[in-house]
There are 2 protein chains.
Amino acid sequence: MSATDTSDTPAAFTDLAAARPKRADALRNYEKLIAAARDAFAQDGTSASLEEIARRAQVGIGTLYRHFPNRQTLLEAVYVDEVEALCRSAADLSELPPWDAFVAWLHRFVAYMATKQALAQELLGCVDRDANVFQSCRTALYAAGEPLLQRAQQARVVRTDTNLLEVIQMVGGIAKIPSTEPEQIDHILGIALDGLRYREPSA
Amino acid sequence: MSATDTSDTPAAFTDLAAARPKRADALRNYEKLIAAARDAFAQDGTSASLEEIARRAQVGIGTLYRHFPNRQTLLEAVYVDEVEALCRSAADLSELPPWDAFVAWLHRFVAYMATKQALAQELLGCVDRDANVFQSCRTALYAAGEPLLQRAQQARVVRTDTNLLEVIQMVGGIAKIPSTEPEQIDHILGIALDGLRYREPSA
DNA sequence: TTACTATACGGAGGGTACCTCCGTTTTGTC
DNA sequence: GACAAAACGGAGGTACCCTCCGTATAGTAA
């Protein structure tokens, strides 16, 4: 839509980046706010104080609200880039066998989310309702996951009585488990993913 | 410990009920607060305003804080009974085959939790840390689940490279999925539970 | 009944956060 | 240098959290 065409970037990824402010001071504050917010969210989770963020960014609270009318918007601005990068990384996996590729991507996804509980709570807190919050992240998620799932289903290694929404919901639920040990999360994910393996229709 | 012995109630279940106030007015307010809190949590989730709860109960805010020094305590007081009842209901299932019994209990658990997101967030938000919050609920959960899991593992229908903590964490994660359709949650749970089925060690 | 005390009540008050509104400042342009 | 559009910043109203302490009440013993 705007002139941000990096030609190799699919349409789904450009939606948000275009919304940055144009005036020099505005852009400066915008960046400072995002940096401060990233720190604050990492430290205090989703409910970090917005006034505290404005303070850290050395910016008036009014400025924060002008750039980001609500907490979700700010959270989204902080994380879109990372999430989209994560999704794009699915491309690496095309050379693995279908099952391995699909599962590897999901493990990667969970490992990342586990380090950002703040993000996980919000991004996965509204997987399909609230249409336009984290919209671009969800779009990217689907764009990345759908081919992997389809390939695995066509290869008859993933059961066919399910779909990407369900898988993402399941995996998202696991990502949100507040566990001390990353290996434990991985183990749990492994179990759940075993449930996705293809089974003969009979039973 | 105290005189609350209902003889057929296992020790794990009595810990909390004993902590009720003794004076008539105190008891009255205690009950009013719990009733008000149940409504409020159901309506607004975990973060319902405590002042609002006190207001609904027609009780001073100080009274609320005397009875329940923090939100967790109140939440716990509201839900222990229900959770413990749910756990006790595991007894019904002893006549089913091992797999069916185990799975039925977990489905019951998820179905209940799905109706009380507020509870789910908190009870499952600290499955093993924060030792004494929701302690009695966790104890009950383990007491109910352990026999079912062991039976299923001994019957070789559930894989043996896992334990109850993992299962509860996995199932808890699924319970917290904010889904519109209960059937969908059930379906997802079914997939994850398939991952628990016993597999030959080879592969 | 009355008097007494342990127990419980209630809300004022200090602190923080949310968000809006609007007078002031800055930027970019002509 | 002047001017308008864009952006800034923080005061201020509301709500919530939690503590503290003067007041009221229930239970008990005389």
Side-chain angles (χ1 to χ4, degrees), chain A residues 2-3 18-78 118 121-122 125 130 133, chain B residues 2-3 17-78 118 121-122 125 130 132-133:
Chain A
S2 76
R20 306 178 153 237
K22 302 178 186 57
R23 239 175 70 169
D25 52 351
L27 187 64
R28 204 161 44 222
N29 288 332
Y30 180 92
E31 308 284 15
K32 283 201 287 184
L33 279 167
I34 290 201
R38 174 170 285 119
D39 289 356
F41 286 141
Q43 186 184 322
D44 305 328
T46 308
S47 56
S49 158
L50 298 185
E51 296 200 311
E52 172 64 20
I53 291 175
R55 241 172 276 136
R56 289 202 208 187
Q58 293 180 286
V59 143
I61 183 65
T63 298
L64 184 150
Y65 277 99
R66 194 166 340 89
H67 284 295
F68 309 102
N70 55 53
R71 184 178 297 273
Q72 288 270 352
T73 318
L74 178 53
L75 212 37
E76 188 164 355
V78 168
Q121 296 304 331
E122 297 302 302
D130 240 32
V133 188
Chain B
S2 76
R20 304 177 153 235
K22 300 177 186 57
R23 237 175 72 167
D25 52 351
L27 187 64
R28 205 162 42 225
N29 286 331
Y30 180 91
E31 309 283 18
K32 282 201 289 185
L33 279 168
I34 291 203
R38 174 169 286 119
D39 289 356
F41 287 140
Q43 186 184 321
D44 304 328
T46 307
S47 57
S49 158
L50 298 184
E51 295 199 312
E52 172 64 22
I53 291 175
R55 240 172 277 138
R56 288 203 209 186
Q58 292 180 290
V59 144
I61 183 67
T63 298
L64 184 150
Y65 277 98
R66 197 167 337 92
H67 284 295
F68 310 102
N70 54 54
R71 185 178 296 271
Q72 287 270 351
T73 318
L74 178 52
L75 213 37
E76 187 164 357
V78 167
Q121 296 305 332
E122 297 303 301
D130 241 29
N132 61 352
V133 188

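Quantities reported herein were computed from a predicted structural model and do not represent experimental measurements. In what follows, every chain begins at residue 1, and chains take the letters A, B, ... in the order their sequences are listed.
The interatomic distance linking B:Ile61 (CD1) with C:dA8 (P) rounds to 18 Å, in whole Å. Rounded to whole Å, atom P of C:dC9 lies 4 Å from atom NE2 of B:His67. Rounded to an integer number of Å, the gap from B:Tyr65 OH to D:dC21 P is 18 Å. Taking atom CG of residue B:Asp25 and atom C1' of nucleotide C:dG10, one finds them 12 Å apart after rounding to whole Å. Between B:Phe68 atom CZ and D:dC17 atom C1' there is a gap of 17 Å when expressed in whole angstrom units. Rounded to whole Å, atom P of C:dA8 lies 8 Å from atom NZ of B:Lys22. Between the CD1 atom of B:Ile53 and the P atom of D:dC18 there is a distance of 12 Å, given to the nearest Å. As rounded to whole Å, 14 Å separates atom C1' of C:dT16 from atom CG of A:Asp44.
Considering only the side chain of B:Ala24, D:dG27 comes nearest among D:dG27, C:dT27, C:dG10. Nearest to the side-chain atoms of A:Asn29 among the listed nucleotides D:dT19, D:dG9, C:dG10 stands D:dG9. For A:Glu51, counting side-chain heavy atoms from C-beta on, the closest listed nucleotide (C:dA17, C:dT26, D:dG9) is C:dA17. Which of C:dC18, D:dC18, D:dG9 sits closest to the side chain of A:Arg71 comes down to C:dC18.
For the pair A:Asp44 and A:Ser47, the tightest heavy-atom approach, listed with the atom from each and the gap, is O-OG, 4.0 Å. A pairwise comparison of heavy atoms in A:Ala37 and A:Val78 identifies CB-CG2, 3.7 Å as the closest pair. Across all non-hydrogen atoms, the minimal contact from B:Val59 to B:Asn29 is CG2-OD1, 3.3 Å. Scanning all heavy atoms of the two residues, the minimum distance from B:Arg56 to B:Ala36 falls at CB-CB, 3.9 Å.
Within the structure, every side-chain polar atom (N or O) of B:Asn70 is placed at least 4.0 Å from both OP1 and OP2 of D:dC18. Residue A:Ser49 has a polar side-chain atom (N or O) positioned under 4.0 Å from OP1 or OP2 of C:dC18. Taking 4.0 angstrom as the limit, A:Arg28 places a side-chain polar atom (N or O) nearer than this to OP1 or OP2 of C:dT27. When the side-chain nitrogen and oxygen atoms of B:Thr63 are compared with OP1 and OP2 of C:dA8, none of them lie within a distance under 4.0 Å. The phosphate of D:dC16 has OP1 or OP2 within less than 4.0 Å of a side-chain N or O from B:Arg55.
Where B:Glu52 and B:Arg23 each meet DNA chain D at their nearest nucleotide, the meeting point lying more 5' is that of B:Glu52.
Taking 4.5 Å as the limit, every side-chain heavy atom of A:Thr73 sits out of range of all side-chain heavy atoms of A:Glu76. Within the 4.5 Å cutoff, the side chain of B:Leu74 has no heavy atoms near those of the B:Arg71 side chain. Taking the side chain as every heavy atom from C-beta outward, B:Leu75 and B:Phe68 never approach each other to under 4.5 Å.
Relative to the axis of its first five pairs, the axis of the last five pairs of the helix from C:dT1-D:dA30 to C:dC30-D:dG1 sits at 10°, rounded to 10 degrees.
In this structure, OG1 on A:Thr63 lies 9.5 Å from NZ on A:Lys32, to the nearest 0.5 angstrom.
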